[in-house]
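All remarks here apply to the structure that follows.
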Amino acid sequence: MSRQTIAIGADHAGFALKTAMVDELKSMGFDVLDLGTSSEASVDYPDYGYAVARAVTGGAAFRGVLICGTGVGISIAANRHPGIRAALCTHGVMARLAREHNDANVLVLGARIIGTEIARECVRQFLSVQYAGGRHDARVAKLTHPHFEEPAE
Ligand code: RB5
């Protein structure tokens with residue numbers, strides 16, 4: 001079986017953590033598509049959010065990992081792409097449930113919020129569990145096809 005590819009991207013605030021996560025992904029046996037940035041020189045986080053989103057929706061990568069200072073800006077950027085469900089996680093349980101319940105396809109980390117070990121745990125959880133389906137299908141479908149009416153109840 002061919003190895004799965006994970007796309008990763010970060011802004012300058014996430015660059016150092018991205019380097020550590022690239023090593024983690026390789027040690028887990030994944031191929032890594034590193035879409036930058038490649039230094040701590042200041043850049044704009046949406047550019048990297050969009051690049052990883054394109055890689056995932058276009059099929060160049062199986063899943064994505066995004067990192068900025070808080071994780072907030074780059075997750076907003078990624079989630080503007082139809083088909084992307086980017087989950088900002090600060091704990092391994094969040095990362096696991098983002099896959100099991102939300103079928104998230106991009107993990108987002110905040111380099112100024114969490115440390116390297118928590119980030120590693122998030123990556124390991126995110127990439128080792130499957131979407132649970134079942135009762136979650138209708139909810140995830142509503143993310144794919146949003147509606148803005150009032151809830152019935
Ligand atoms: C960069 O200074 C910072 O604003 C960015 O990494 C991120 O935290 C934005 O949401």
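Both counts, for ligands and for their atoms, begin at 1 and track the order of listing.
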- Any pair counted as ring pair (Phe, Tyr, Trp, His ring centres under 6.0 Å), so long as it reaches residues 38-57, sequence neighbours left out: Tyr50-His81
- Query: Side-chain heavy atoms under 4.5 angstrom apart, residues restricted to Ile, Leu, Val, Met, Phe, Trp, Tyr: same cluster for Phe30 and Leu17?
  - Reply: yes
- Query: Which pairs with one or both residues in residues 89-132 pass ring pair (Phe, Tyr, Trp, His ring centres under 6.0 Å), sequence neighbours excluded?
  - Reply: His101-His136
Under a 3.5 Å threshold, I'd like every N/O contact between ligand 1 and protein atoms, with atom names and distance.
unit_1: ligand 1; atom_1: 2 (O); unit_2: Arg112; atom_2: NH1; d: 3.3
unit_1: ligand 1; atom_1: 6 (O); unit_2: Asp11; atom_2: OD2; d: 2.6
unit_1: ligand 1; atom_1: 6 (O); unit_2: Gly69; atom_2: N; d: 2.7
unit_1: ligand 1; atom_1: 8 (O); unit_2: Gly69; atom_2: N; d: 3.3
unit_1: ligand 1; atom_1: 8 (O); unit_2: Thr70; atom_2: N; d: 2.9
unit_1: ligand 1; atom_1: 8 (O); unit_2: Thr70; atom_2: OG1; d: 3.3
unit_1: ligand 1; atom_1: 10 (O); unit_2: Thr70; atom_2: OG1; d: 3.3
unit_1: ligand 1; atom_1: 10 (O); unit_2: Gly73; atom_2: N; d: 2.9

- Query: Linking Ile, Leu, Val, Met, Phe, Trp and Tyr through side-chain heavy atoms less than 4.5 Å apart, which residues share a cluster with Val93?
  - Reply: Leu97
- Using 4.0 Å as the upper bound for N to carboxylate O, is an ion pair formed by Lys26 and Asp31? no
- Backbone N/O of Asn102 and side chain of Arg85: donor-acceptor pair under 3.5 Å: yes
